[in-house]
Amino acid sequence: MNSDIILETRAVSKFFRDPVDFQALKDISFKISRGQFVSIVGSSGSGKSTLLYLLSTLDTDYEGEILIDNEPLHEKSKNQLAEIRNEKIGFVFQFHYLLPEFTVLDNVMLPALKLGKYDEDTIRKHAYEKLDLLGLGDQAIKKASKLSGGQQQRAAIARALINNPSIIFGDEPTGNLDSKNAQTVFDIFRELQLAFNQTILVVTHDAQFAGSTDRRITLKDGELLSDEMLK
Amino acid sequence: MKSFLKRPAFRIAMTHLLSKKRQTIVAMLGVTFGIAIFIFQAGLMTGFQNMFIEQTVNTSANVRIYNDVQVAKKSIYSKTLPDTSQSWVLVRNQKPKDEEPRLKNGYQMMRIIENHPEVIGVSPFVGSQAIFNMGIAQVAGRVAGVDIERENNTFNVEKYMIDGDLKRLVTTPNGVILGEGLAMKLGAATGDIITVSSAKGSALQMRVVGIHKSGVVELDNSRAYINIRNAQKLLQVDGSYITDLNIKLKDINKAKALAADWQKQFGYTAVDWETANANVFSVFKIQNMVTYLIITSILIVSGFGIFNILMMIIYEKMPDIAILKATGFKDKDIRTIFLTESLVIGIFGGLLGLIVGWGLQQIAGSVKMDIRGFVAMEYLKFNTSAGFYAMAYIFGLVATALAGYIPARKAARVDAIDIIRSK
């Protein structure tokens with residue numbers, strides 16, 4: 001057992017039964033070790049988003065095994081999975097999903113308040129650290145809906161970081177951003193990887209983004225087409 | 001509790017409500033309206049009923065023992081036949097036996113009952129139909145021959161005197177206390193002389209020494225208190241003749257059981273106050289049923305208000321629900337958020353409803369009505385007991401919780417992936 005393996009899949013398959021029987025993923029197996037910055041690419045319909053939802057425990061209907069921190073997920077209850085997401089997983093989606101009526105600071109604090117590991121003052125301190133890291137320290141007490149698109153996506157990254165997750169999942173995190181903001185997001189991921197040895201797995205159709213990551217996994221029609229180390 | 005107020009679920013719930021102030025207020029007013037109507041309508045109904053019961057219990061016998069004379073009897077000839085089914089007997093124009101409705105050994109019975117630990121007092125009573133005359137005015141009514149001191153000790157007659165003096169019934173040789181309605185029909189006032197005639201044909205000149213108003217309209221229109229001696233004189237009977245024993249108990253809820261006991265013990269009919277007023281209580285039952293049906297339907301309507309606003313919030317906040325679930329909020333946390341929202345609406349809308357309902361009661365209760373129905377009342381009487389208000393509030397909270405549960409469950413079941421995929 002390798003403690004450096006953060007995420008592992010063993011022959012993961014996924015079937016959709018509705019409207020017609022359809023195999024979206026076929027025997028996907030790979031391992032991702034700590035500190036890797038990995039991208040998953042593929043044309044639309046290749047199953048890359050489906051795979052991400054499985055890996056991130058949001059979808060539990062699959063065959064095969066998925067392990068996060070060497071813990072198999074398939075026998076966990078819904079509530080246990082929620083706890084794993086809370087503690088070990090950070091999400092950055094294409095859309096920022098910030099709660100619009102809350103301040104940026106509150107949005108960042110929410111997952112930590114849910115975790116309840118620290119008291120509120122400590123959590124606030126941590127949230128400010130994350131926001132400073134992403135250059136949003138001065139925006140903390142603004143309503144989330146008042147921020148620009150790029151700032152909102154950075155706030156979403158700060159929220160993903162608040163519980164110091166084992167892995168960050170990105171689902172087209174630059175899909176809604178212009179190339180400048182996309183570059184900023186990429187730079188932030190890179191910096192998190194270098195400075196904190198943060199493991200990052202990003203699904204993207206942005207070829208340039210994928211090309212700059214350490215490792216590129218390519219899916220085609222639900223099958224693993226290639227798994228290249230770029231660095 | 002304090003920790004709950006700090007929990008994210010509660011803060012999210014409050015933020016949702018505050019971001020939709022107008023809809024929240026409308027939903028709250030729905031609950032307010034429901035509870036206010038509850039307090040007002042059911043309060044009026046139960047207030048009136050309680051007053052009626054109180055008046056009935058205070059001013060009439062809790063248990064009344066009397067001789068229930070059966071007029072229709074089998075022909076004496078038929079008793080001589082071994083089997084009446086084989087033959088038939090016809091006796092025309094059979095007169096009832098001359099049997100007085102008296103309680104034999106009434107005063108002895110009174111002493112026995114008086115010593116019962118549950119009894120406050122017993123008042124002997126001679127009742128009869130009578131005609132009251134004053135000049136050309138003639139009114140049929142009933143005389144109530146009583147020992148006024150005993151009657152007052154048991155039924156607090158004095159409290160309901162609106163004119164004259166109770167004691168003069170004893171000091172004046174032929175005194176009479178008229179019911180308010182009876183006096184009005186006769187045109188008699190305190191000090192006037194009226195003639196009272198009985199069915200037996202005897203008549204007495206009597207002086208009105210007081211006017212009495214029990215509040216029970218039927219009694220006030222027909223009843224006149226006279227001395228028990230005078231009643232016996234009117235009926236041409238001896239001094240031991242009494243027709244009723246009116247008994248007041250410490251605990252009115254024991255009336256039924258005690259009445260049954262005494263009926264068995266003395267062989268005379270004994271009825272408790274509930275049985276005597278059974279027709280009224282059955283009307284109350286129907287009234288209550290209708291009232292609570294109306295209130296239930298109003299609360300259902302307020303429930304729909306809450307249901308509506310929660311569904312609106314949920315549809316609008318689908319992305320929020322998705323990210324909360326993705327970041328580790330459990331189904332039950334999501335459910336808590338929306339249940340909290342409905343309960344906050346219920347708690348505050350309900351409190352406001354209690355206040356508005358109380359205000360309506362105060363306003364309606366201060367308007368002079370002079371209602372004469374079962375009972376006479378100047379002002380509407382409302383039930384203002386704490387227990388009643390608590391019941392109304394609990395009703396409201398249950399209705400809001402039920403109305404909130406369905407949307408909350410729906411929110412908890414939202415599949416985060418469906419939302420994220422569609423964005």
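Per chain, numbering begins at 1; letters A, B, ... match sequence-line order.
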Which value, rounded to the nearest 0.5 Å, describes the distance between [X] atom [atom1] and [Y] atom [atom2]?
X: A:Asp106; Y: B:Arg11; atom1: CG; atom2: CZ; answer: 4.5 Å
X: B:Asp320; Y: A:Phe102; atom1: CG; atom2: CZ; answer: 8.5 Å
X: B:His16; Y: A:Glu101; atom1: NE2; atom2: CD; answer: 5.5 Å
X: B:Lys317; Y: A:Leu99; atom1: NZ; atom2: CG; answer: 8.0 Å
X: A:Asn86; Y: B:Lys330; atom1: CG; atom2: NZ; answer: 8.5 Å

Which of B:Leu324, B:Ile420, B:Thr327 passes side chain to side chain contact (heavy atoms under 4.5 Å, CB included) with A:Tyr97? It is B:Ile420

Sorted by chain and number, sequence neighbours left out, salt bridge (charged side-chain N to carboxylate O under 4.0 Å, His left out) with B:Lys381 holds for none

Please say whether more than 12 non-hydrogen atoms of neighbouring residues, nucleotides or ligands are located less than 6.0 Å from [atom1] in [X].
X: A:Tyr128; atom1: OH; answer: yes
X: A:Lys88; atom1: NZ; answer: yes
X: B:Phe33; atom1: CZ; answer: no
X: A:His126; atom1: NE2; answer: yes

Among residues 8-17 of chain A, residues within the sub-4.5 Å heavy-atom range of chain B, in order of number, are A:Phe16

What one should report as the nearest heavy-atom pair of B:Ala326 and A:Arg85 is O-CD, 3.3 Å

Q.
Do B:Arg421 and A:Thr50 make a side-chain contact, defined as non-hydrogen atoms from C-beta onward lying under 4.5 Å apart?
A. yes

Within residues 402-417 of chain B, contacts to chain A at heavy-atom distances under 4.5 Å involve B:Ala416, B:Ile417

Output a table of donor-acceptor pairs, distance under 3.5 Å, between side-chain atoms of residues 307-314 of chain B and any protein atom two or more places apart or on a different chain; print 'none' if there are none.
none

